[in-house]
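The chains referred to below are lettered A, B, ... by the order of the sequence lines, with proteins before strands, and numbering in each begins at 1.
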Amino acid sequence: MIQVLFKNPKKDIESLRSPSHVSLESFTRQFDIPVSSYSRVISEITRNCSGTPLSTFSSDEKSIREKLFDAKAMAKIKIAEVSMHLDSKWREKIFRQLDLMHDDADWENDDVPIQILSIVTFLRSLGVIDYKKYPSLGMSNSGYLLAAWFYNENRLTLEFLPIDKVRWVLSIKSEDSYESAAGETQLPVLMSRLSPYDPGQWFLHGNS
Amino acid sequence: MARYLKPKFLIRDALDEKIIGVYGQAFELRSGEEFLSANWIEYFELPKLDALKNIVSGMKASKLSVSSKGALAVANIANIKSIGKDRKSKIRVEYRPTQGNKSHSGIFNTLNEDTEMLDLLSREAFSELVQIEKLVMLKPVGF
């Protein structure tokens, strides 16, 4: 496990107080310890919130453009509930990418827009992983949010499923070949599942 | 082979401008889908960029929507089959022309449940990406 230097150590996190170098545990947050603003995200967003999952567009009463607008609006409202805890650049990037992934130019009637329960799992992940690097966001056919991080040629992809479930896949370049691994797990244990692969390489390097 | 990818499947750089990769989920079959739709580049017997341009024209001719923010991902069939072999699935590619979309083909036997296979397809097979907005500057040839 490599040691990682935080650019801006947070004073109220016990594990960051003494050493200037921190280990994996320091950026893996616990659900039940309200130590930071990200932890408040967890408490404010329940994992099975009352938000109705958006389904495919079967009704023809609204145009595709109107329906996509509604879907994006619902997602942005959910994100706005915790926006005070998000860096403004990060929030703008999320909104911009939501717009990109709901492009009406090639939207088909059976395409599924972003699912609110997936957004909730993503927002709750902010309480588990202290992202220092904003990922690129995408969306699966099921309407689940995707996030990808690169570190050189090493890649990590997360798919945020409803009710705290996360599907992950990673590839790590080792000399001339790639090692890959994949799994599906619950959010609270995600970091421990990724720990053999040094997840700090993806999460702890700042945005360029 | 080339497969059209919607913007939601494209991984972008920090500024959301340059496309730097593709999500493995771009190769998931949708509900009721028998195979992954793709296009046979060599059908046109043209330089690659001209052929890709004709693929986009063919998709539009068959009433398929194409976004300028999307991309065509290009792969070698041998690489696709090799990934299938490594993942214990006999992937095959069939030429399946449709009205207007004469180079249309299908990729059979990909496995939705095999997340690593989908990731390999995105990283090692369909690794060459051509943005649609760059293709539109070219004039179709022989379409």
Side-chain angles (χ1 to χ4, degrees), chain A residues 56 64 89-90 92-114 133-150 153-159 167-171 173 177-184 205-208, chain B residues 4-33 36-37 56 59-60 62-72 83 86-87 110-125 127 131-133 136:
Chain A
T56 54
I64 282 182
K89 284 184 181 174
W90 182 204
E92 285 164 17
K93 185 179 175 73
I94 295 171
F95 285 3
R96 191 168 64 241
Q97 296 204 32
L98 276 171
D99 290 338
L100 257 179
M101 64 184 82
H102 289 90
D103 187 359
D104 60 8
D106 63 357
W107 195 268
E108 298 169 87
N109 274 332
D110 58 351
D111 280 347
V112 181
I114 192 72
K133 185 176 184 181
Y134 310 142
S136 174
L137 298 176
M139 187 171 67
S140 71
N141 284 324
S142 304
Y144 298 146
L145 196 69
L146 305 168
W149 289 263
F150 284 85
E153 293 183 61
N154 300 347
R155 179 168 121 175
L156 170 69
T157 303
L158 300 182
E159 182 176 359
R167 191 175 290 144
W168 58 270
V169 59
L170 59 84
S171 60
K173 189 172 186 187
S177 62
Y178 283 90
E179 180 184 343
S180 65
E184 192 172 302
H205 293 276
N207 297 284
S208 52
Chain B
Y4 171 70
L5 302 177
K6 297 184 177 195
K8 66 182 181 181
F9 293 128
L10 303 175
I11 303 173
R12 296 173 189 274
D13 64 5
L15 298 173
D16 297 330
E17 291 172 354
K18 189 181 172 192
I19 296 170
I20 56 173
V22 178
Y23 289 102
Q25 284 79 356
F27 301 95
E28 273 182 342
L29 291 167
R30 296 196 291 187
S31 178
E33 220 171 27
L36 290 173
S37 277
V56 172
M59 290 178 67
K60 289 178 176 173
S62 60
K63 311 282 187 213
L64 292 170
S65 302
V66 180
S67 167
S68 62
K69 297 186 182 73
L72 285 174
I83 288 169
D86 290 345
R87 305 299 301 177
T110 56
L111 305 172
N112 273 11
E113 65 275 18
D114 189 342
T115 311
E116 284 182 78
M117 172 195 274
L118 304 181
D119 191 58
L120 282 167
L121 287 171
S122 72
R123 286 188 297 107
E124 296 187 2
S127 54
Q131 288 181 253
I132 301 296
E133 62 192 354
V136 297

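- When heavy atoms are compared at a cutoff of 4.5 Å, A/Y178 approaches chain B solely by way of its side chain, counted from C-beta outward.
- Put simply, the side chain of B/E124 does not reach to within 4.5 Å of the side chain of A/S171, judged on heavy atoms.
- Distance check, rounded to the nearest 0.5 Å: CD of A/E153 to CZ of B/R123 gives 10.0 Å.
- Counting heavy-atom pairs closer than 4.5 Å to chain B, the top-ranked of the candidates A/M101, A/R155, A/E159, A/Q97 is A/R155.
- At least one side-chain heavy atom of A/L100 sits under 4.5 Å from a side-chain heavy atom of B/K69.
- Across B/E116 and A/A182, no two heavy atoms sit closer than the pair CG-CB, 3.6 Å.
- Side-chain atoms of A/K93 come within 3.5 Å of backbone atoms of B/A14 as a donor-acceptor pair (strictly under, hydrogens ignored).
- In this structure, the side chains of A/S136 and B/Y23 come closer than 4.5 Å at one or more pairs of heavy atoms.
- Residue B/D114 does not touch chain A at all, counting heavy-atom pairs closer than 4.5 Å.
- Contacts of B/L10 with chain A are made by backbone atoms alone, with heavy-atom separations under 4.5 Å and no side-chain atom involved.
- Using a cut-off of 4.0 Å between Lys/Arg side-chain N and Asp/Glu carboxylate O, A/D111 and B/R30 are scored as salt-bridged.
- For the pair B/S31/A/D110, no side-chain contact is recorded, criterion being any heavy-atom separation below 4.5 Å from C-beta on.
- Closest approach of B/S65 to A/A105, counting heavy atoms only: CB-O, 3.3 Å.
- By the 4.5 Å heavy-atom criterion applied to side chains, B/R12 and A/R96 are not counted as neighbours.
- Between the CG atom of B/N112 and the OG atom of A/S142 there is a distance of 8.5 Å, given to the nearest 0.5 Å.
- One finds the CG atom of A/L156 at 10.0 Å from the CG atom of B/D119 (value rounded to the nearest 0.5 Å).
- Atom CZ of A/F150 is separated from atom CG of B/D13 by 10.5 Å, given to the nearest 0.5 angstrom.
- Among the candidates A/L170, A/N141, A/D104, A/T157, the residue making the largest number of heavy-atom pairs closer than 4.5 Å to chain B is A/N141.
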